[in-house]
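Presented below is the structure to which this report refers.
Each chain gets a letter, A, B and so on, in the order its sequence line appears, and its residues count up from 1.
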Protein chains: 2
Amino acid sequence: MSGNLAPSDPTPSSCAQSADADGVAGSREAFGSRLTQAMTQYGPVCVGIDPHAALLESWGLPVSASGVREFSLRTVEAMAGTVAAVKPQASFYERFGSAGVAALEETIAACREAELLCIVDAKRGDIGSTMAGYAHAFLSDASPLAGDAVTLSPYLGFGSLAPAITLAESTGRGVFVLCLTSNPEGATVQHARAGDTATVAATIAAQAAEANRGAVPLGHVGLVIGATIGSALADTGTDLENLNGPILAPGFGAQGAGPADLARVFGPAAHLVLATTSRAVLQAGPDTASLRGAAANIVAEFSAVS
Amino acid sequence: MSGNLAPSDPTPSSCAQSADADGVAGSREAFGSRLTQAMTQYGPVCVGIDPHAALLESWGLPVSASGVREFSLRTVEAMAGTVAAVKPQASFYERFGSAGVAALEETIAACREAELLCIVDAKRGDIGSTMAGYAHAFLSDASPLAGDAVTLSPYLGFGSLAPAITLAESTGRGVFVLCLTSNPEGATVQHARAGDTATVAATIAAQAAEANRGAVPLGHVGLVIGATIGSALADTGTDLENLNGPILAPGFGAQGAGPADLARVFGPAAHLVLATTSRAVLQAGPDTASLRGAAANIVAEFSAVS
């Protein structure tokens, strides 16, 4: 497939040098456009970078910040030009403290250099000036922790995430808000109902849709919805028809979901799904060609059903 | 008031050198005991370390990782021996990337050195091995980001936090799980009901109580409940009678709540409350004596009503 990336936009995600005091450069294309282009070019697959101890050991790397750094840089190198996006998992970096966070920064910078979309899976959430601090950390051009998007957690209400949603829009970045997950404990919160009306998950989805209304080709407020949730979308009355934003769906590959689940679980919203897989690719490492081959096989499986 | 800290326990929070592979030293007293001792000795006040830009500027410090570091170390020095605990807010460190996170590590180390309890306000939450990564980062003796407790966010269900709850218990640390907050958007999630039964907030509180059952003098699973929630405990049916764990309550001081709200909002659970205040103390800086004076005044207000 030929690339859809506009040749007139040579630095889509590297504008820090011209950022103003709020870290807003303003010259990056919108996240919805950039993600749509990447998914058109490479298919709807995102590879999770989850450098946990067992994987580090199987790659012959030390269980340390430097091991995590090496693991991540090799994965970025292999995935650039192979898949639409990668998703480094913040916790596996933070467990090595600031040295691990520095490795995350290098991973994000390597993605920028390779023009590979980077979704930082940090699941942050707070209120007021504290939320603004997280927004700055993960969505400002001035921050070394800012990739192309960040995951957020809405226990304090979707509205509490406004500082991040606003800053993301102005810097050409995106957010993915937790909505419905497949772990059994998730239902105690996500399936709960506000009065006799909508469930928590349905409310989050409706608020994301509202934020994305009118955006072309796609808004910048995505949702996280597990691929192995079964009938939970229907059970919770979560309507994705008007979402107009991307869906980050973990659970493909080693966790059990396959390309056929795209239509089965997400129905008419299947085209919005960025399918996330991790172990099925990473266990093929550390060899670059093997990593690429494992990812290409998964991409091919998705192409076959779409 | 004379100290209640047991003289036979000279290193209550500095055991990293004897940690095993899981970062469990096993020789630290339980968090519930240590917090109870500190609250008995110093009163029920926790000072939030929130080094946002306006405060850094008013202290004459640069808005940078080194400014945040200096601000935090001065605050720790002033608060040691003055209040029961401090609560550094992770987002204000993360906004400066790994350099900011290194400043958070130094802040945590300074608390340990000063025998001042440190609650890292990070509001982390995830599932499975990812949650285990966060648990390791904030609750393991082997991690430079581990204070005495960490705040957690339960959008993925209270049960998803188990790796942190388990590790905290084995390392003598604690967790504070988000329950009820005062921001208006919080109700869309926290007041929602699972079927015709309990609200989300009530369910979280009941699960924390279950985790703390039988602990003496207090369990290690706390809740975060805003001091300015009005009647939300009653509205949501959140019962704290059997909690047997601490309540971290932001909202005192500049945010509007006073010592009289302890009984009004928390009723018979008022004795479990660690009242958090930030701006009312920090705006007295950077002078150490002024910071101490401001904190001592607030502690005295609480003593007057208890």
Side-chain heavy atoms of B:Val200 within contact of A:Tyr155, under 4.5 Å | yes
Top contributor to chain B interface from A:Gly125, A:Cys179, A:Gly128 [non-hydrogen pairs under 4.5 Å] = A:Cys179
Partner of B:Pro51 under side chain to side chain contact (heavy atoms under 4.5 Å, CB included), picked from B:Thr75, B:Leu282, B:Val68, is B:Val68
Please look at A:Ile204 and chain B and tell me whether the side chain, the backbone, both or neither of the residue comes under 4.5 angstrom of a heavy atom of that chain.
-> side chain
Donor-acceptor under 3.5 Å (A:Arg173 side chain, A:Gly147 main chain) | yes
Side-chain heavy atoms of B:Thr276 within contact of B:Ser278, under 4.5 Å = no
Atom group of A:Glu94 that falls short of 4.5 Å from chain B, counting heavy atoms | both
Counting heavy-atom pairs under 4.5 angstrom with chain A, the leader among B:Asn183, B:Thr188, B:Thr199 is B:Asn183
Which answer fits A:Pro154, side chain, backbone, both or neither, if we ask what part of it has an atom under 4.5 Å from a heavy atom of chain B?
-> both
Heavy-atom pair count under 4.5 Å with chain A, highest-scoring of B:Leu156, B:Leu145, B:Val189 = B:Leu156
Among A:Asp50, A:Asp126, A:Thr203, which has the most heavy-atom pairs under 4.5 Å with chain B?
-> A:Asp126
Heavy atoms only, distances under 4.5 angstrom: which of B:Ala135, B:Gly100, B:Ala137 has the most pairs with chain A? Name it, please.
-> B:Ala137
Gap between atom OG of B:Ser72 and atom CG of B:Leu104 - 0.5 Å precision = 7.5 Å
Do you see a donor-acceptor pair shorter than 3.5 Å between the side chains of B:Thr181 and B:Gln190?
-> yes
Is the side chain of A:Arg95 donor-acceptor paired with the backbone N or O of B:His136 at a distance under 3.5 Å, no angle test?
-> no
Answer key: most heavy-atom pairs under 4.5 Å with chain A among B:Asp121, B:Val101, B:Ile127, B:Thr130 is B:Thr130
So, the side chain of B:Thr171 versus the backbone of B:Leu139: is there a donor-acceptor pair under 3.5 Å, distance only?
-> yes
Name the region of B:Leu178, side chain, backbone, both or neither, that has any atom closer than 4.5 Å to a heavy atom of chain A.
-> both
Pick from A:Ala90, A:Pro144, A:Ser160, A:Ser153 with the largest number of heavy-atom pairs that fall under 4.5 Å of chain B = A:Ser160
For B:Ile119 and B:Cys46, which heavy atoms make the closest approach, and how far apart are they?
-> CD1-SG, 4.4 Å
Side chain / backbone / both / neither for A:Phe138 at chain B, heavy atoms under 4.5 Å = side chain
Sort A:Tyr134 into side chain, backbone, both or neither according to what part of it lies under 4.5 angstrom from a heavy atom of chain B.
-> both
Side chain A:Ser231, main chain A:Ala234, donor-acceptor under 3.5 Å = no
What residue, out of A:Ala53, A:Gly159, A:Pro184, A:Ala162, has the most heavy-atom pairs lying under 4.5 Å from chain B?
-> A:Gly159
Among A:Gln207, A:Met131, A:Gln89, the residue with the most heavy-atom pairs under 4.5 Å to chain B is A:Gln89
